[in-house]
Amino acid sequence: MLNVAVVQLHPLENKAANIDRAEGFIRVAAAAGARLVALPEYFSCYGRAVSPVSVAAVYGEAAETIPGPTTERLQALAHELGIHIHGGSFFERRGDALYNTNVIVDPAGDVLGVYRKIHLFEARAPELTYREESAVTPGTEIVFTDLEVDGRSTTVGQTICYDIRFPELYRVLVAEYGSEILFVPAAFPRETGRDHWELLLRARAVENQAFVVAPAQWGEQADGSWLHGRSMIVDPWGTVMATVPDGEGVAIASLDLDRLATYRQNYPNLQNRQPDVYSSSSKEVV
Ligand SMILES: NC(=O)CC(=O)C(=O)O
């Protein structure tokens, strides 16, 4: 069994305070037996409160390189507690560009996987306007990471928030790269989250026969908007194993990776895919 925790945070404008609270919840989760603790998207800074023009400035100020103070803090913490930490996401500066980036850190304090969000959120609705690309550059690489936890190896796929709407990415992470656990750190707004968040997480879990680990931001922002929260861990059958209610907090679930292997054998959905047919040019028009 692999004990995994999701941390739900209410992002405030003070980056140092956000990181301090994240550390506090990581310690709580580790003390409760979690071997892998996952943080939400933009856990150290979230910029919904400001106009698109100043969003870029706020993000730019919050951005860090890898290695940098935030990754070094996660590395020290993972080493001290002897756990893996999935560092949700934060603003990364690389040359002149900013990315929405997450890392996985192992108990030796090493950074194992660096993923830059590929699909950047955009909404042009009367009730919700957002264009992540105004400040952030999209990543161009699919990232999966091999982990060794409690003497068992597993492969995890790294994604972020809006990526969840693009099932192709998850299919590749599972069918081509063998991921057993899919990470989806997020900051879904209430407008989309109330109807789509759980539905999308459970769909990706069922269709890919994989665990989905989804820590989220929750709560009211300075501009009066709300983040949906409902961090959750979903099993490959689509059952919600653990969730965090409104507010900050931690939820933990025990993932049975051996049972996952049996389940994939008993229901060989992944083996029964017909990729040749999907890509075939021999379409019959009636
Ligand atoms: N915040 C996101 O990246 C995505 C989102 O809110 C949505 O897809 O809805």
Side-chain angles (χ1 to χ4, degrees), residues 6-13 18 38-52 55-56 58-59 62-63 86-92 97-103 115-143 157-171 173 182-205 207-208 212-232 234 243-244 246:
V6 284
V7 173
Q8 181 159 296
L9 290 175
H10 182 187
L12 304 170
E13 281 166 20
N18 291 337
L39 300 174
E41 180 183 30
Y42 289 142
F43 72 91
S44 59
C45 167
Y46 187 70
R48 275 296 295 288
V50 284
S51 73
V55 159
V58 170
Y59 288 3
H86 182 286
S89 81
F90 53 88
F91 295 100
E92 181 201 7
L98 295 188
Y99 294 87
N100 183 349
T101 301
N102 67 42
V103 297
Y115 169 69
R116 300 183 174 89
K117 187 178 186 184
I118 294 172
H119 305 97
L120 299 182
F121 183 44
E122 183 170 12
R124 308 174 192 176
E127 68 281 6
L128 181 66
T129 308
Y130 198 86
R131 194 167 162 269
E132 195 173 9
E133 200 162 348
S134 64
V136 174
T137 302
T140 53
E141 279 174 20
I142 292 176
V143 176
Q158 287 163 248
T159 73
I160 300 175
C161 201
Y162 188 52
D163 285 331
I164 194 71
R165 295 186 183 275
F166 302 87
E168 303 89 333
L169 172 61
Y170 296 83
R171 189 58 109 201
L173 283 166
L182 300 165
F183 283 98
V184 193
F188 254 58
R190 185 164 60 183
E191 289 83 352
T192 57
R194 65 185 156 214
D195 293 322
H196 294 171
W197 170 243
E198 181 173 337
L199 176 76
L200 289 166
L201 295 174
R202 294 176 69 189
R204 294 298 87 82
E207 71 200 3
N208 293 298
V212 170
V213 175
Q217 299 271 19
W218 170 88
E220 189 173 13
Q221 303 295 288
D223 65 355
S225 64
W226 277 80
L227 296 174
H228 179 65
R230 294 294 143 132
S231 303
M232 60 181 69
V234 184
T243 189
V244 184
D246 287 351

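Every number for a ligand or one of its atoms is a count from 1 in the order of the listing. The first residue of the sequence shown is numbered 1, and numbering continues consecutively from there.
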**Prompt:** With under 30° as parallel and over 60° as perpendicular, where do the rings of Phe166 and His119 fit, or are they tilted in between?
**Reply:** parallel
**Asked** How are the rings of Phe90 and Phe43 set relative to one another: parallel (under 30°), tilted (30 to 60°) or perpendicular (over 60°)?
**Response** perpendicular
With a cut-off of 4.0 Å, which atoms of ligand 1 are near a heavy atom of [X]?
X	value
Cys161	1 (N), 2 (C), 3 (O), 4 (C)
Tyr162	2 (C), 3 (O), 4 (C), 8 (O)
Ala187	1 (N)

**Message:** Tell me whether Glu127 at atom CD has more than 12 heavy atoms from other residues, nucleotides or ligands lying less than 6.0 Å away.
**Reply:** yes
**Prompt:** Considering only protein heavy atoms, which is closest to atom 6 (O) of ligand 1, and at what distance to one decimal place?
**Reply:** Pro189 CD, 2.8 Å
**Request:** Around atom 8 (O) of ligand 1, find the nearest protein heavy atom and jot down its residue, atom name and distance.
**Result:** Arg165 NE, 2.6 Å
**Prompt:** For Thr192, is at least one N or O under 3.5 Å away from an N or O on ligand 1?
**Reply:** yes
**Asked** Is any N or O atom of Lys117, backbone or side chain, closer than 3.5 Å to an N or O atom of ligand 1?
**Response** yes
**Item:** Glu92/Arg116 ion pair, N-O < 4.0 Å
**Value:** yes
**Item:** Carboxylate-amine/guanidinium proximity below 4.0 Å for Glu207 and Arg204
**Value:** yes
**Asked** Below 4.5 Å, heavy atoms only, C-beta onward: do Met232 and Leu201 meet side chain to side chain?
**Response** yes
